[in-house]
Each structure stands twice: as structure tokens, then as C-alpha cells.
Amino acid sequence: MATEFIRFGNMFPPQEAVERPYIIDRDPFHIAGNLYYVGNLWCASHLIDTGKGLILLDVPCASGLPGLLYNIQKLGFQVDDVKYIVISHAHTDHYGSVNALVHRTHAKTFMGAVDTQDMLNNSERTKRLDAGLGPYNESFVPDVQLEDGDVIELGNVKMRCILTPGHTIGVMSHFWDMDVDGRTVHVGIYGGAGYGSLSTEGLKKFGQPLSMQQTFLESIEKVWDEPVDLMLGNHPFHSDEYQKHQRQLAGEQDPFIDPAEWHRFLTELRDGFKAFLAYTPEQAAALFAETHLMEYYGDTI
């Protein structure tokens, strides 16, 4: 049993799921409007039907690709209709299957310029991270290297990309408007919320400056005033997406739409990180010593 549950801590899948990744696959579902969940219990992938092709926001490790393809097809979409793949940050669990998807779909790829250059400048570190999450993970160079404030446009979607470094040096958060039954809903996703690597020891290990701790807090403040009605996570446990879907199945109307959730989430992230910074190295190590993933889900999924 994990020592303490924290959604921003060690939420890696247990070893059994690393060896048999289909264990964490679940059916996809419709969120609202033209937005769908096609990820798994560990890593989120969101699909947007723009009317002129599909956007995938984050993709899993290479080992999660079969589940992703199944989920897209189960919803009635064709994988060949994926036109854009947008990656939130340069961690393998969000880009590991990009090259495999591009090989079949020829989709255009997007990632922040800061993370892209960091990957290119630290190729050996990237290879170690890729290999640690299973075979066939590959880094990639996106077709478009996004700058702070850039807009990705396809069909009925105009997605603003905001630089929010911390979790990685070049995390991008994403915001766009969506029509839901004739009303405009503001969608937002904070691009990288884990902070285990932001301990003093973690920053030294990955060659990052200690100032990244303050940068992380500044990134939270940077997007505090975004008018988010429907919050997503790049991991489903950041925004309780499976639990909301269960409520949806039980008949609740629009469980994903909650204008107060954005500030609840950012407050939990900020306060938890500040508490984490006060931990001794031993306390931090104990907190992240074992996974909390399946404890989080319990018997609910």
C-alpha cells in the first residue's frame, strides 16, 4: 500500500502493467461536443473531431499504441483521418508512439520549441528515458515547434498553446473553445503537472537549474485566469476523467463541465508542490517509492 496518495506523485503503472500494457486499456468514451477520450488508465489521449480531420492531443508509449488504435476505431473514427498530433511535453509517455502513427497517417506533429531543442541537445538522456518505458519508444522532431502563444487551427478548432515550464523545461498547456449543444464551452489542459523531478536532487540528476522550482509556480499563476469550463488532464487521474464518465453513464448531465475545477486543480497542484519542497530527501523518496496508480482507482474502474 502506498504511503500517501498524491495525484502528482508516483503514478506509474505497476510492473505487471509495464510488462502487459493491455491491462490498463479501457474503452474510449465521449466527453462532450466533439471531444473524446481515447487513452488508458495511465496516460491520457484526447481526440477532437474538427470536421476537417482529427486532432490527437498526446499519445501513449509505443506499448500503448494498440489500445489507442482500438479506441479510435471503436468510436467509429478512422485512424487515417488523424491530421494533427499535438504533444504537451517531451516525456515518452506522451509521445512514444508518434513515429509509428506518423508512419501510417502522415499526420502533422506539434510540440513546444523549448522541449524540442532540449531533446535534441540531450539525446542520450532522452534515449535513457525512452528505453525505461518499454521497447520501440522513439523521440521525434515535430513538424512545428511551437512558441508561447501560437495557435493551432484545423476545421472548427483554434487551440492556443501557452508555455508553462516546470514538469519539463518546455511544457505547453492548451486552450480552445468548443460548441456543446449551442453553447460555447472553454476547454483547458495543464500540460505537465507532476513534480517529482523538481526536487533539488531530481533537478541535479537531469541537469536542470534549481530555478525551475520557482518557474513551475510562476507557470501555475500564468494560466490561473484562463476561463476553463471543462478541464482535461494529460493523465486521467489529474482530472478524474474515468470517474466523470461513470457519473455520465449513471445519467448525470455534463459531469465534465465544471467551471470551478480549474482553480481547484491548480490550487491542489500549487499547495502540494510547496509542501513537497519542504520535505527532506528521505521523505520525498518515501513518497515516491511505490506507485499510487491502482490505489487511486480502487474498485471504481
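- Residue Gln253 qualifies as open at atom CD: its count of foreign heavy atoms under 6.0 Å is 12 or below.
- Taking Arg264 as the reference, Asp258 meet the side-chain hydrogen bond (donor to acceptor under 3.5 Å, both in side chains) condition, with sequence neighbours excluded.
- Cluster partners of Leu120, by chain and number: Val141. The rule joins Ile, Leu, Val, Met, Phe, Trp and Tyr whenever side-chain heavy atoms lie under 4.5 Å apart.
- Between His94 and His89, the two ring planes are tilted [angle within 30° to 60°].
- Residues Tyr84 and Leu54 fail the side-chain proximity criterion, which asks for heavy atoms closer than 4.5 Å.
- Among residues two or more places apart in sequence or in another chain, the side-chain contact (heavy atoms from CB on, under 4.5 Å) test is passed with Pro142 by Thr109, Met111, Thr116, Phe140, Gln145.
- Side chain of Asn137 to main chain of Ala62: a donor-acceptor pair is present (N/O by atom type, distance under 3.5 Å, no hydrogens or angles).
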Between side-chain atoms of residues 43-53 and protein atoms elsewhere (two or more places apart, or another chain), which donor-acceptor pairs fall under 3.5 Å?
| from | atom 1 | to | atom 2 | distance (Å) |
| --- | --- | --- | --- | --- |
| Ser45 | OG | Asp58 | O | 2.9 |
| His46 | NE2 | Glu241 | OE1 | 2.9 |
| His46 | NE2 | Glu241 | OE2 | 3.0 |
| Asp49 | OD1 | Gly51 | N | 3.2 |
| Thr50 | OG1 | Lys52 | N | 3.1 |
| Thr50 | OG1 | Gly53 | N | 3.4 |
| Thr50 | OG1 | Gly53 | O | 2.7 |

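- For the pair Lys244 and Glu252, the salt-bridge criterion is not met [side-chain N within less than 4.0 Å of a carboxylate O].
- Partners of Lys74 under the salt bridge (charged side-chain N to carboxylate O under 4.0 Å, His left out) rule, at least two apart in sequence or in another chain, are Asp27.
- Classified by interplanar angle (parallel below 30°, tilted 30° to 60°, perpendicular above 60°), the ring pair Phe276/Tyr195 is tilted.
- No donor-acceptor pair closer than 3.5 Å links the side chain of Asp271 to the backbone N or O of Glu268.
- Using a distance-only test at 3.5 Å, with no hydrogens or angles considered, a donor-acceptor pair links the side chain of Gln283 to the main chain of Thr280.
- For the pair Val86 and Leu56, the minimum side-chain heavy-atom distance is 4.5 Å or more.
- Within the 4.5 Å cutoff, the side chain of Arg26 has no heavy atoms near those of the Asn40 side chain.
- Within 6.0 Å of CD in Gln78 there are 12 or fewer heavy atoms belonging to other residues, nucleotides or ligands.
- In this structure, the side chain of Trp262 does not engage the main chain of Leu230 through any donor-acceptor pair within 3.5 Å.
- Put simply, CG on Leu35 and CE on Met178 are 5.0 Å apart, with the number rounded to the nearest 0.5 Å.
- Asp240 pairs by the side-chain hydrogen bond (donor to acceptor under 3.5 Å, both in side chains) definition with Arg7, Tyr296, not counting sequence neighbours.
- For residues 177-188, every residue pair satisfying the salt bridge (Lys or Arg N to Asp or Glu O under 4.0 Å) rule, not counting sequence neighbours, is listed here: Arg183-Asp254.
- Grouped by direct or indirect side-chain proximity (heavy atoms under 4.5 Å, Ile/Leu/Val/Met/Phe/Trp/Tyr only), Val171 sits alone.
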Side-chain donor/acceptor pairs under 3.5 Å, residues 97-104, sequence neighbours excluded:
| from | atom 1 | to | atom 2 | distance (Å) |
| --- | --- | --- | --- | --- |
| Ser97 | OG | Pro60 | O | 2.8 |
| Asn99 | ND2 | Ser139 | O | 3.2 |

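- For the atom pair Leu277 CG and Leu198 CG, the distance stands at 8.0 Å (nearest 0.5 Å).
- In this structure, the salt bridge (charged side-chain N to carboxylate O under 4.0 Å, His left out) partners of Asp148, at least two apart in sequence or on a different chain, are Lys222.
- In this structure, Phe77 and Tyr36 have perpendicular ring planes: the angle between them is above 60°, well past the 30° mark.
- Side-chain contact between Tyr22 and Pro66: absent, with no pair of heavy atoms (C-beta onward) separated by less than 4.5 Å.
- For an aromatic pair to be called close, the ring centres must be under 6.0 Å apart, and Tyr242 with Phe29 satisfies this.
- Here the OG atom belonging to Ser63 is positioned 7.0 Å from the CD1 atom belonging to Ile24, to the nearest 0.5 angstrom.
- Rounded to the nearest 0.5 Å, atoms CD1 (Ile55) and CZ (Phe110) are 7.5 Å apart.
- Residues Tyr190 and Ser173 form a side-chain contact, since some pair of their non-hydrogen atoms from C-beta on lies under 4.5 Å apart.
- Remark: Tyr70 OH is loosely packed, at most 12 non-hydrogen atoms of other residues, nucleotides or ligands lying under 6.0 Å away.
- The main-chain N or O of Phe12 is found under 3.5 Å from a side-chain atom of Asn10 such that the two form a donor-acceptor pair.
- Under the side-chain contact (heavy atoms from CB on, under 4.5 Å) criterion, Asp118 pairs with Asn122, Arg125, Ile169, Gln208, not counting sequence neighbours.
- No option in Gln248, Gln243, Arg247 other than Gln248 meets the side chain to side chain donor-acceptor pair (under 3.5 Å) test with His245.
- Of all non-hydrogen atoms in Pro28 and Asn71, the two that sit nearest each other are CD-OD1, 3.1 Å.
- The closest side-chain heavy-atom distance from His235 to Met11 is not below 4.5 Å.
- Contacts of Gln73 classified as side-chain contact (heavy atoms from CB on, under 4.5 Å), with partners at least two apart in sequence or in another chain: Val79.
- Side-chain atoms of Asn234 come within 3.5 Å of backbone atoms of Gly191 as a donor-acceptor pair (strictly under, hydrogens ignored).
- Rounding to the nearest 0.5 Å places NE2 of His167 at 12.5 Å from OG of Ser219.
- Under a 3.5 Å cut-off, the side chain of His238 and the backbone N or O of Gly194 do not form any donor-acceptor pair.
- The closest side-chain heavy-atom distance from Trp224 to Thr267 is below 4.5 Å.
- For the pair Cys61 and Trp42, the minimum side-chain heavy-atom distance is below 4.5 Å.
- Remark: Ile162 CD1 to Ile189 CD1 distance equals 14.0 Å, nearest 0.5 Å.
- A donor-acceptor pair shorter than 3.5 Å can be found between the side chains of Thr168 and Asp115.
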